[in-house]
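Below are the structure tokens for one structure; questions will follow.
Chain letters run A, B, ... following the sequence lines, proteins first, then strands; residues in each count from 1. As the structure is a computational prediction, the values presented were derived from the model and not from experiment.
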Amino acid sequence: MSEHPSEHVDSYVDGDLDGTARKRLHAHLVECARCRRDVDDLRALREQTARLPVQMRPARDLWTGVLSRLEPRERRAATRPAWRGPLLVAAVLLLALVGIFDRHGVRLVEGTNVNPAQNADVILATFDPAEREVSAAAADLVSELHRRRGTPAAQAASALVRNLSAVNSAIDVLREALQANPGDVAIVRRLRKEYQHKTSLI
Amino acid sequence: MGPLLNIEEALLVRRAARGDLAAFERLYRTHIGRVYAICVRLVADPVRAEELAQDAFVRAWERLGTFQGHARFYSWLYRLTVNVVVESQRSQGRLRLHEVSAEGEDGSSDGVPDHMRGDSETHQHDPGTRLDLERAIASLPNGARAVFVLHDIEGYEHHEIAEMTGTTVGTSKGQLHRARRLLRGRLER
């Protein structure tokens with residue numbers, strides 16, 4: 001071992017030294033104040049580094065650029081039909097207008113009627129009435145939005161379509177997850193949160 | 001957007017692999033922060049980092065069919081991101097790990113971009129010290145910075161870094177030692 005084995009000090013701090021080398025370095029540290037200071041400094045640097053954030057926000061949203069470069073898959077079985085986005089926003093807007101969410105959705109998603117111990121189908125069924133009622137009336141609203149296309153109201157609805165489409169996609173995934181893992185409380189909580197998100201968008 | 005449940009992520013990956021763009025967007029929204037952080041720390045250039053982050057997601061889309069699901073999706077994605085950055089750096093002659101030159105000689109960058117700030121939700125401790133460290137990391141020579149970011153921030157082992165960057169374990173250790181020595185010196189100034 002050299003007089004000041006600084007590279008070994010790195011491995012020592014990282015816990016990478018094997019038994020013999022570790023013992024030899026330990027013996028050296030007892031005698032060498034400089035290397036002890038190196039160990040302290042390296043540990044301090046490691047602690048400082050460990051506190052760095054693991055995420056950073058880019059200055060702009062990069063999704064549009066990514067999306068423009070994605071090649072469609074040959075099989076698009078899982079992709080929603082194009083008409084479904086407007087249908088969903090229409091459905092939810094109508095839902096708000098007639099207060100169906102007050103009567104079914106909100107009350108249910110607040111959790112009073114949801115028991116995670118129940119069968120997945122039973123839990124999922126508690127979310128269904130609101131969805132069913134609005135689906136029946138949605139077609140009329142889609143026609144109305146189509147008639148008003150180009151107006152500010154329709155443009156605002158278009159933004160809502162995008163947001164709600166994302167929420168509905170998340171809900172779809174969570175419903176599938178709950179079917180695969182009935183009784184998973186974390187999934188039920190997430191599902192409830194997504195439904196709450198849906199109502200907050202309105 | 002909160003963290004995904006394991007099964008939720010697995011289902012999103014499966015849907016995205018079948019062509020579901022909404023599912024892929026959700027994966028993007030969940031992981032863009034980490035992917036961008038890897039890129040910007042490795043290249044110390046926010047504009048290039050944005051391009052590379054986009055490249056990483058495009059490649060992920062193209063290769064989702066090869067994801068086996070044995071590992072978690074995020075570890076597959078982050079490793080793919082590192083590969084994208086390393087390939088790009090190499091093709092532009094910016095990553096020469098074997099050359100352990102004098103301080104700053106192999107193309108170090110000056111300072112850290114102003115917007116290089118982590119999410120306030122994930123880090124609020126001593127922002128002055130943290131930015132000093134970010135700036136010091138960004139100013140490291142490319143090879144030393146790459147190994148420091150991969151080992152000390154991203155948590156890869158030396159043998160993994162050697163594999164990803166096409167070098168040896170010894171070179172990786174040497175570059176890490178050099179990076180830490182330079183950082184200690186720069187933070188003491």
Side-chain angles (χ1 to χ4, degrees), chain A residues 6-11 13-14 16 38 41-42 44-46 48-80 85 162 165-166 168-170 172-178 180-181 184 186-187 189-190 193, chain B residues 2 5 7-8 10-12 14-26 28-29 32-34 36-37 40-41 46 49-51 53-55 57-58 61-62 113 115-119 122-123 125-126 129-130 133-134 137 148 151-154 158 173-174 176-177 180-181 183-184 187:
Chain A
S6 56
E7 288 203 31
H8 281 117
V9 171
D10 276 83
S11 298
V13 170
D14 291 338
D16 287 344
D38 275 355
D41 286 352
L42 281 174
L45 178 62
R46 278 175 57 96
Q48 206 176 332
T49 305
R51 291 198 296 267
L52 290 176
V54 293
Q55 299 191 38
M56 291 182 179
R57 273 190 295 270
R60 61 192 175 94
D61 188 359
L62 307 178
W63 172 246
T64 310
V66 173
L67 186 60
S68 68
R69 294 171 55 194
L70 300 184
E71 295 286 336
R73 305 257 189 250
E74 286 181 13
R75 292 175 59 225
R76 301 287 298 272
T79 308
R80 290 167 178 279
R162 284 195 299 276
S165 176
N168 280 304
S169 175
D172 273 359
V173 168
L174 287 164
R175 290 175 74 97
E176 190 179 342
L178 191 64
N181 292 270
D184 188 324
I187 298 174
R189 284 200 193 109
R190 283 297 299 267
K193 197 172 170 187
Chain B
L5 303 172
I7 185 168
E8 192 180 1
L11 291 169
L12 285 170
R14 199 169 72 188
R15 285 173 177 229
R18 290 199 303 244
D20 186 336
L21 287 169
F24 190 64
E25 181 177 0
R26 195 156 159 77
Y28 163 87
R29 302 264 171 226
I32 180 60
R34 181 75 179 266
Y36 177 71
V40 79
R41 284 187 174 126
E50 288 180 356
E51 294 167 0
Q54 289 180 322
D55 290 347
F57 278 101
V58 171
W61 172 260
E62 291 166 352
H115 84 282
M116 196 183 232
R117 300 170 195 287
D119 288 350
T122 55
H123 182 91
H125 180 90
D126 199 359
T129 306
R130 181 174 68 74
L133 179 55
E134 293 280 18
I137 294 168
F148 180 82
H151 188 277
D152 278 13
I153 300 180
E154 294 301 324
H158 284 295
K173 285 184 175 180
L176 180 63
H177 172 67
R180 287 170 171 173
R181 181 173 51 78
L183 285 175
R184 284 163 59 197
L187 290 170

Subject >> Top contributor to chain A interface from A53(B), A49(B), A16(B) [non-hydrogen pairs under 4.5 Å] >> reply: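 Of the options given, most contacts go to A16(B).
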Subject >> chain B contact via D61(A) - side chain, backbone, both or neither, heavy atoms under 4.5 Å >> reply: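 For D61(A), the contact with chain B is made by backbone and side chain together.
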Original post:
Which answer fits F24(B), side chain, backbone, both or neither, if we ask what part of it has an atom under 4.5 Å from a heavy atom of chain A?
Top reply: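 Backbone plus side chain of F24(B), per the 4.5 Å heavy-atom cut-off to chain A.
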Original post:
Would R34(B) and E154(B) pass as an ion pair if we require N to O under 4.0 Å?
Top reply: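 Yes, this pair counts.
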**OP:** Could you tell me whether the side chain of R184(B) reaches within less than 4.5 Å of the side chain of L45(A), counting heavy atoms only?
**Re:**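 They are in contact (side-chain heavy atoms under 4.5 Å apart), so the answer is yes.
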**OP:** Report the option among V173(A), N181(A), V66(A), I187(A) that has the most heavy-atom pairs separated by less than 4.5 Å from atoms of chain B.
**Re:**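 Highest number of pairs under 4.5 Å: V173(A).
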Original post:
Between L67(A), T49(A), L174(A), which residue shows the highest count of heavy-atom pairs closer than 4.5 Å to chain B?
Top reply: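 Going by pairs under 4.5 Å, I would pick T49(A).
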Original post:
If we only count heavy atoms from C-beta on, is the R130(B) to R51(A) side-chain gap below 4.5 Å?
Top reply: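 Not in contact.
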**OP:** Not counting sequence neighbours, which residues clear salt bridge (Lys or Arg N to Asp or Glu O under 4.0 Å) with E176(A)? List them please.
**Re:**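 Applying salt bridge (Lys or Arg N to Asp or Glu O under 4.0 Å) to E176(A) gives R14(B), R15(B).
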Original post:
Can you list the residues that meet the ring pair (Phe, Tyr, Trp, His ring centres under 6.0 Å) rule with H177(B), with sequence neighbours excluded?
Top reply: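 Expected list: none.
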Original post:
What option among D55(B), L183(B), I137(B) has the most heavy-atom pairs under 4.5 Å with chain A?
Top reply: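 Heavy-atom pair counts peak at D55(B).
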Subject >> Residue part contacting chain B, namely of D14(A), when any heavy atom lies under 4.5 Å >> reply: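 When you check distances to chain B, only side chain atoms of D14(A) fall under 4.5 Å.
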Original post:
Relative to chain B, which segment of R46(A) carries a heavy atom at a distance below 4.5 Å: side chain, backbone, both, or neither?
Top reply: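 When you check distances to chain B, only side chain atoms of R46(A) fall under 4.5 Å.
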Subject >> Separation between CG of D38(A) and CZ of R180(B), rounded to the nearest 0.5 Å >> reply: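 Here the rounded value is 11.5 Å.
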